[in-house]
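Data first, discussion second: the structure below is written as structure tokens.
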Amino acid sequence: MKTQVAIIGGGPSGLLLSQLLHKRGIESVILERKTKDYVLGRIRAGVLEQGLVKLLEEAGCADRLHAEGIVHDGTLVSSGDTLFRIDFTEHTGTPVIVYGQTEVTRDLYAAREAMGGKIEFNVENVEIHDANSDAPAVTYTVGDQQHRLECDFIAGCDGFHGVSRQAIPLDVRKEYEKVYPFGWLGILSETPPVNHELIYANSDRGFALCSMRNENLSRYYIQCSLSDKPEDWTDEAFWQELKRRIPSEQAEKLVTGPSIEKSIAPLRSFVTEPMRWGRLFLCGDAAHIVPPTGAKGLNTAASDVHYLYNGLRDYYENNSRAGIDSYSQKALARVWKAERFSWWFSSLMHRYPDQSEFDLKMQVAEIEFLRTNEAAQKSMAENYVGLPY
Ligand code: FAS
Ligand code: PHB
């Protein structure tokens, strides 16, 4: 089988890239390890930057997002019982949209299927061949059938645990990593959100986040120990702990209910350089990971897709290599800014096991500076709504 762009991974990065390429008549095949239902069963990101919204509009996949997404002009930040608001629209003129990654992925699958997109599910034994040549290929199996996909380019959109990053030789690839000494225990509940905007809470018991998917589907997180398992936490224990971490006024009006999903995500900052090797291009979580504190994971995958899509368009439409040759450097410039913001906001809002009293004083002073300083709030707003592509 032959195609122009072989895309490994049918998550948001791979699907968005495939859909954008298709709109320009550039052929691609997506190879996905799991089933569509499995991919759609993952509960992940919840906040979309305008950059991603615009890409979904360009891909012709933004109708439901605009109908069901919730526009947020700001967010609340709390430290103990002190609560203040960061006004995104006042500082940047730009809001964010709350719309679950699951729904983005659902919309992208629907668009790919409506346009006859080629997606292979349940692929195994994916191997990348001759990425550093003019004739790369991907081999894989489905069941007991061996397949070989000849292509012009390979997009590695297969997430942190995928095979693409490993295809770049160790003497070419450099990796940067910071593992955080805690995780996020998240639940979904069919209850009205405690507040119409998000609440990022720092408390002496640890971090908490109050988010939502719609007016009757709430998403809550609490910082937890890395040794915790979801089954260690009853719903009641989760709700009691959440109430201890958010301001008492919100705790009193919190509507609790049974969790319909409960999971723990480890937190890490991770970047691999370069994001390109020959005709292999890494995109999204295959190349970088951020702690979800800044809601940058999915949104930084989107800027990668933007750079790669435009580079491939330039190649096929104008016979120019400029875009693909500058992909890694352009994508990494924005990736590192997202890494910095996610690391900064995580350091500000979480309690670290080895935090000294002085460290704690620094954290309190930094939150107080954010609460009282307009430049600090503008800086946070600009990073949160998304830096320019
Ligand atoms: P993905 O990991 O989403 O998709 C990669 C796809 O490749 C998967 O479908 C996988 O099955 C497939 N794959 C893997 N190996 C393969 C192989 N060998 N062959 C074929 N296919 C293969 N971001 C936020 O902004 N906010 C959040 O709250 C948030 N929460 C998260 C919670 C968890 C547990 C995780 C893991 C991530 C979270 N993220 C969050 C980040 C997340 O949203 C990612 O940034 C986003 O999924 C990136 O999309 P992709 O790059 O497509 O990677
Ligand atoms: C979510 O709603 O899942 C969410 C929102 C904001 C974040 C992280 C997760 O920073």
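Both counts, for ligands and for their atoms, begin at 1 and track the order of listing.
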Checklist entry - Heavy-atom contact under 4.0 Å between R44 and ligand 2? => result yes
Item to check | F345 ring center near Y200 ring center (under 6.0 Å) | outcome: yes
Checklist entry - What protein heavy atom is closest to atom 6 (C) of ligand 2, reported as residue, atom name and distance in Å? => result Y200 OH, 3.3 Å
Next on the checklist: Under 4.0 Å from a heavy atom of T293: which atoms of ligand 2 are those, numbered in the order shown and with their elements?
Outcome noted: 10 (O)
Checklist entry - With no hydrogens and no angle check, is any side-chain donor or acceptor of D314 less than 3.5 Å from a backbone partner on G311? => result no
Next on the checklist: Let me confirm one number: the CG-CG distance from L76 to L83, rounded to the nearest 0.5 Å.
Outcome noted: 5.0 Å
Next on the checklist: Is it true that T139 and E127 share a donor-acceptor pair across their side chains at a distance under 3.5 Å?
Outcome noted: no
Checklist entry - Between F121 and Y109, does the ring centroid distance fall short of 6.0 Å? => result yes
Checklist outcome for this item: Per-atom filter on ligand 2: closer than 4.0 angstrom to a heavy atom of A295 are 6 (C), 7 (C), 10 (O)
Item to check | ligand 1 N/O within reach of G297 N/O, cut-off under 3.5 Å | outcome: yes
Next on the checklist: Donor-acceptor check, side chain of S303 to backbone of T300, threshold 3.5 angstrom: yes or no?
Outcome noted: yes
Checklist entry - For I43, is at least one N or O under 3.5 Å away from an N or O on ligand 1? => result no
Next on the checklist: So is Y221 touching ligand 1 or not, going by heavy atoms under 4.0 Å?
Outcome noted: yes
Checklist outcome for this item: Of E49, R44, K34, E32, the one whose closest heavy atom lies nearest atom 31 (C) of ligand 1 is R44
Next on the checklist: Using a 3.5 Å distance criterion without hydrogens, assess whether the side chain of R279 forms a donor-acceptor pair with backbone atoms of D152.
Outcome noted: yes
Next on the checklist: Just to be sure I'm reading this right: ignoring hydrogens, which of H161, R42, R33 gets closest to atom 22 (C) of ligand 1? Compare them by their nearest heavy atoms.
Outcome noted: R33
Checklist entry - Who else is in M362's hydrophobic cluster (ILVMFWY, side-chain heavy atoms under 4.5 Å, direct or via others)? => result F358
Item to check | Pair R313-N318, side chain to side chain donor-acceptor pair (under 3.5 Å): steps then yes or no | outcome: CA-CA 8 Å; R313 252 188 70 182; N318 310 318; over 6 Å; no
Checklist entry - Between the candidates Y384, F345, Y221, which shows the shortest non-hydrogen contact distance to atom 9 (C) of ligand 2? => result Y221
Next on the checklist: Heavy-atom pairs closer than 4.0 Å: do any link ligand 2 to the side chain of I43, the backbone, both, or neither?
Outcome noted: neither
Checklist entry - What part of S211, side chain from CB on, backbone N/CA/C/O, both or neither, has a heavy atom under 4.0 Å from ligand 2? => result side chain
Next on the checklist: By the ring pair (Phe, Tyr, Trp, His ring centres under 6.0 Å) test, which pairs, at least two apart or in different chains, include something from residues 9-67?
Outcome noted: none
Checklist entry - What class does the angle between the rings of H147 and Y140 fall in, given that below 30° is parallel, 30 to 60° is tilted and above 60° is perpendicular? => result parallel
Next on the checklist: Out of all atoms in ligand 2, which are within 4.0 Å of some heavy atom of L198? Include the element for each.
Outcome noted: 5 (C), 6 (C)
Item to check | Side chain, backbone, both or neither: the part of R213 lying under 4.0 Å from ligand 2 by heavy atom | outcome: side chain
Checklist entry - Under 4.0 angstrom from ligand 1, any heavy atom of E124? => result no
Checklist entry - Looking only at side chains, do E339 and Y176 share a donor and an acceptor under 3.5 Å apart? => result no
Checklist entry - Is there at least one pair of N or O atoms, one from W184 and one from ligand 2, spaced under 3.5 Å apart? => result no
Item to check | R219 neighbourhood, listing ligand 2 atoms whose heavy-atom distance to it stays under 4.0 Å | outcome: 3 (O)
Next on the checklist: Taking distance alone, with N or O pairs closer than 3.5 Å, would you say S13 contacts ligand 1?
Outcome noted: yes
Next on the checklist: Between H350 and F182 (judged by ring centroids, cut-off 6.0 Å), do the two rings come close enough to count as a pair?
Outcome noted: yes
Item to check | ligand 2 versus V98: contacting region, heavy-atom distance under 4.0 Å | outcome: neither
Checklist entry - Against heavy atoms of V47, which atoms of ligand 2 measure under 4.0 Å? => result 5 (C), 6 (C)
Item to check | Nearest heavy-atom neighbours spanning L17 and L308 | outcome: CD2-CD2, 3.9 Å
Next on the checklist: Please work out, at 4.0 Å between heavy atoms, whether the side chain, the backbone, both, or neither of D285 comes within that distance of ligand 1.
Outcome noted: both
Checklist entry - For ligand 2, which atoms, with element, lie under 4.0 Å from some heavy atom of G46? => result 1 (C), 2 (O), 3 (O)
Item to check | Identity and separation of the nearest protein heavy atom to atom 8 (C) of ligand 2 | outcome: P292 O, 3.3 Å
